[in-house]
Amino acid sequence: MLSLEDKIVAITGASGGIGEATARLLARRGAAVVLAARRGERVDAIAQDIREEGGRAAAYVVDVTEAEDLRRLVSSTIDRYGRIDVLVNNAGIAPISPLADLDTAGWSAMIDVNLRGMLNGVAAALPAFRAQGAGHLVSVVSVAGLNGTSPTMAVYAATKNAVRTVHEGLRTESTDGVVRTTAVSPGYIRTDLADSMADPRIREQTREHMAAVGISPAAVARAVAFAIEQPGDVEIGEITVRPTRQA
Ligand SMILES: NC(=O)c1ccc[n+]([C@@H]2O[C@H](COP(=O)([O-])OP(=O)(O)OC[C@H]3O[C@@H](n4cnc5c(N)ncnc54)[C@H](OP(=O)(O)O)[C@@H]3O)[C@@H](O)[C@H]2O)c1
């Protein structure tokens, strides 16, 4: 019988969108969830809501660009629940723009949050996973990180491709059965991701596209749950979740 009962799962970027949906679904299915994001009042309110529905949840303020914040998230999770079974590296931003706009601040921010943030998660979780003898790293990548790229997406896609490469590296270094890795790549999902887009034209286009073809973040949450609930000797390596209508 596959189950999420007793799983202890920490999730970054859990103040909205895919992270929030994942926390709510996993908690309903029996996991204890630890929500992390910069907006503390939002993760506090979601955790409170989960507890009122009978679930187990805690919340912490975490900026994934700060390695120490991730270390504190992992140690607080272990202090509270005894261990950490899964870290979901979900936090991400997408201030996309044409390269010719030279939005170097946006490029740096994407590298810092999407790539360095994920690496900070790896650095925080791996020692705990090794000490426990088991652990599962899940990262939310993107279909933009699966192959080529398209106009405005170059740096975002580069960070997501890099995250996928790190996952593959970790997988090849983890054949002793201790660490499982899963990279989940969503297509258009209806979330607030467009809010991080500085260019108003691109932001509006993305919002319109999300409204027209996007699917619920619960679809990604179900994929994360599927990967987590597998027996310890089964690794779901890569999952793509896109709207049926997406090109
Ligand atoms: N929506 C899509 O169509 C889509 C498609 C492919 C991939 N994705 C990926 O899915 C993931 C989740 O995005 P979403 O669509 O759910 O967007 P979202 O609703 O904007 O959620 C992004 C989350 O990331 C958090 N975050 C941003 N910067 C952070 C930082 N420095 N430290 C900690 N948390 C941070 C935000 O929380 P705070 O602002 O409170 O910190 C928020 O909870 C991202 O990695 C994104 O690239 C989304």
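Everything numeric in this text was worked out from a predicted model, so none of it was measured. Basis for what follows: all heavy atoms, side chains included, without hydrogens, waters or symmetry-related copies. Heads up: numbering here begins at 1 and tracks the sequence. Note that ligands are numbered from 1 as they come in the structure, with each ligand's atoms numbered from 1 the same way.
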Any carboxylate oxygen within less than 4.0 angstrom of a Lys/Arg side-chain nitrogen, looking at E20 and R24?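 Yes.
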Protein residues near ligand 1, heavy-atom distance below 4.0 Å?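 Contacting ligand 1 under 4.0 Å are G13, A14, S15, G16, G17, I18, A37, R38, R39, V62, D63, V64, N90, A91, G92, I93, V113, V140, V141, S142, Y156, K160, P186, G187, Y188, I189, T191, D192, L193, M210.
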Side chains of E235 and T181: do they bring a donor and an acceptor to under 3.5 Å? yes
Give the table of side-chain donor-acceptor pairs shorter than 3.5 Å for residues 109-122, with sequence neighbours excluded, one pair per line with atom names and distance.
from, atom 1, to, atom 2, distance (Å)
D112, OD1, R116, NE, 3.0
D112, OD1, R116, NH2, 3.2
N114, OD1, I93, N, 3.0
N114, ND2, I93, O, 3.0
N114, ND2, T159, OG1, 3.3
N120, ND2, V64, O, 2.8
N120, ND2, T65, O, 3.4
N120, ND2, R116, O, 3.4

Residues in ring-ring contact (aromatic ring centres under 6.0 Å, His included) contact with Y188, at least two apart in sequence or another chain: H209
Mind checking side-chain hydrogen bond (donor to acceptor under 3.5 Å, both in side chains) for R72 and listing every partner two or more places apart, or none if nothing turns up? D69
Can you spot which of L73, V9, V74, V43 makes a side chain to side chain contact (heavy atoms under 4.5 Å, CB included) with V34?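 The single option meeting the side chain to side chain contact (heavy atoms under 4.5 Å, CB included) with V34 is L73.
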